[in-house]
Amino acid sequence: MGVDRSMDLGFDPAKTAAKFAFDGVFLKAVPHGQGHINDTYTVYHEGERGRVKRYILQRINTGVFKKPDLLMDNMVRVTEHLRKRITACGGDPGREALNLIPTRDGQAFYKSPEGEYWRGFLFIENARTYERAVDPGHMRNAGKAVGRFQELLADFPAESLHETIPGFHDTPKRFKAFLRALEEDTKNRAKDARAEIEFIESRADDTRVLTDLIMRKELPLEVTHNDTKLGNIMIDDVTGEGVCLVDLDTVMPGTALYDFGDAIRSGASSALEDEQDPDRVWMDLELYKEFTEGFLSAAYGSLNATELEYLPFSAKLMTLEQGIRFLTDYLNGDTYYKIKYEDHNLVRARTQLRLVRDMEQKADHMEQVVKGFISNNQL
Ligand code: GN1
Ligand code: MG
């Protein structure tokens with residue numbers, strides 16, 4: 001096999017891959033995954049006896065992550081900790097954690113002369129991520145994986161982590177940014193989103209609930225992932241079990257509820273984030289139940305009464321927050337999320353707000369699921 005130059009990626013993948021301690025000879029690189037922020041590629045290398053080995057090469061979005069050096073410092077320490085814990089409990093650290101491949105001169109990342117930040121990972125074989133739940137068992141296993149991730153990092157010093165995006169899940173701050181974007185309305189788009197704007201404004205009080213509980217120390221801060229959408233949870237191709245969580249850029253101190261809520265937002269939805277027909281969007285209670293039970297089976301013992309009480313609300317709040325963020329980006333003229341067409345962020349905001357409305361209608365059922373689990377598992 002020769003070097004494949006068929007696809008123009010806008011950079012020279014062979015040259016960039018050569019900076020990393022990848023084994024073998026470069027064959028090709030192809031775009032990987034559905035992330036909205038970084039640029040991710042699968043790199044194919046040919047090793048001994050023609051064996052092909054895959055790696056992940058990723059360009060960090062420095063518009064979003066302003067201090068990539070500190071972000072990579074977090075990543076190195078978090079992945080080292082995960083590997084140690086996984087090894088200690090007899091797991092496979094090559095698969096159940098992300099493994100950074102250093103540069104040829106031993107650095108955790110490569111900074112190009114143009115100022116781009118690149119990093120390399122081992123490719124996790126025989127596993128993949130899904131943007132939507134395949135079946136209820138998938139959600140149960142995703143729930144276990146999120147609970148396990150938090151458990152593996154429970155003894156990591158949260159305060160030593162750099163805040164890669166300050167106020168990431170500070171929903172009142174997100175709400176303020178939304179009001180500012182609305183006020184400025186630089187692209188004259190507010191007129192196309194009147195119903196959505198009103199929907200968000202009428203829920204202003206909700207935005208403060210979790211941050212107030214954190215301030216009152218009723219919700220503890222620990223190491224959380226903060227971006228637990230289903231597309232960041234790897235599932236084993238054979239067993240269907242959760243393998244690990246990827247996309248560790250936002251691992252920071254947070255409440256366990258952020259991870260629970262964000263996973264429900266994405267995984268328990270009947271539709272994709274960019275579904276164009278809002279009538280096809282609702283929260284699937286069965287998927288919610290599976291995830292909740294999977295998550296609690298791993299995390300129940302370490303959650304306090306307030307955390308348990310606010311689990312269902314956190315799903316609604318994380319969904320509202322995401323709706324606010326998509327709509328803010330729409331009003332600002334799409335400066336944050338990658339988009340594929342003009343109204344993409346408005347479409348995304350609509351799916352999120354539909355889900356919020358549906359969760360409000362299903363709030364009692366959502367609470368019953370948590371209560372049912374608790375009464376069956378009294379410690
Ligand atoms: C972004 O990087 P990615 O695509 O996993 C975003 C998340 C959003 C998500 C919505 C750093 O996640 O917060 O929930 O899009 N990440 C960042 O799909 O803003
Ligand atoms: Mg991300």
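Ligands are counted one by one from 1 in listed order, and the atoms in each one are counted from 1 as well.
Among pairs with a residue in residues 319-331, none fulfils salt bridge (Lys or Arg N to Asp or Glu O under 4.0 Å), at least two apart in sequence or across chains.
Below 4.0 Å from some heavy atom of Phe65 lie the following atoms of ligand 1, by number and element: 11 (C). Atoms of ligand 1 found under 4.0 Å from any heavy atom of Asn232, numbered from 1 in the order shown, are 5 (O). Numbered from 1 in the order shown, with element, the atoms of ligand 1 that lie under 4.0 Å from a heavy atom of Tyr337 read 15 (O). Residue Tyr336 has at least one heavy-atom neighbour below 4.0 Å for each of these atoms of ligand 1: 11 (C), 17 (C), 19 (O). Counting atoms of ligand 1 from 1 in the listed order, those under 4.0 Å from a heavy atom of Gly35 are 4 (O). Within ligand 1, counting atoms from 1 as listed, the ones closer than 4.0 Å to a heavy atom of Arg265 are 10 (C), 14 (O).
Note: an N/O pair closer than 3.5 Å links Asp227 and ligand 1 by distance alone. Note: an N/O pair closer than 3.5 Å links Glu273 and ligand 1 by distance alone.
You'll find the side chain of Pro220 reaches within 4.5 Å of the side chain of Asn304, heavy atoms only. Taking the side chain as every heavy atom from C-beta outward, Arg265 and Asp262 approach each other to under 4.5 Å.
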Asp274 vs Lys340, salt bridge (charged side-chain N to carboxylate O under 4.0 Å, His left out): CA-CA, chis, key distance, verdict: CA-CA 10 Å; Asp274 40 18; Lys340 296 210 172 96; 5.6 Å; no
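No heavy atom of Gln34 sits closer than 4.0 Å to any atom of ligand 1. For Arg348, the closest heavy-atom approach to ligand 1 does not fall below 4.0 Å. Between Asp247 and ligand 1 there is a heavy-atom distance shorter than 4.0 Å.
Within a 6.0 Å radius of NZ in Lys229, other residues, nucleotides and ligands contribute more than 12 heavy atoms.
Partners of Tyr44 under the ring pair (Phe, Tyr, Trp, His ring centres under 6.0 Å) rule, at least two apart in sequence or in another chain, do not exist in this structure.
A cation-pi arrangement is not found for Arg119 relative to Tyr117, the charged atom failing to lie both closer than 6.0 Å to the ring centre and inside a 45° cone about the ring normal. Taking the centre and axis of the six-membered ring of Phe199, the NZ or CZ atom of Arg357 falls outside the cone set by 45° and 6.0 Å.
The residue Met318 has no part lying near ligand 1, judged by heavy-atom distances below 4.0 Å. Of the heavy atoms in Asn38, none comes closer than 4.0 Å to ligand 1.
Of the options Gln322, Lys229, Lys338, the smallest heavy-atom separation from atom 8 (C) of ligand 1 is shown by Gln322.
By the 4.0 Å N-to-carboxylate-O rule, Asp73 lies too far from Lys67 to be salt-bridged with it.
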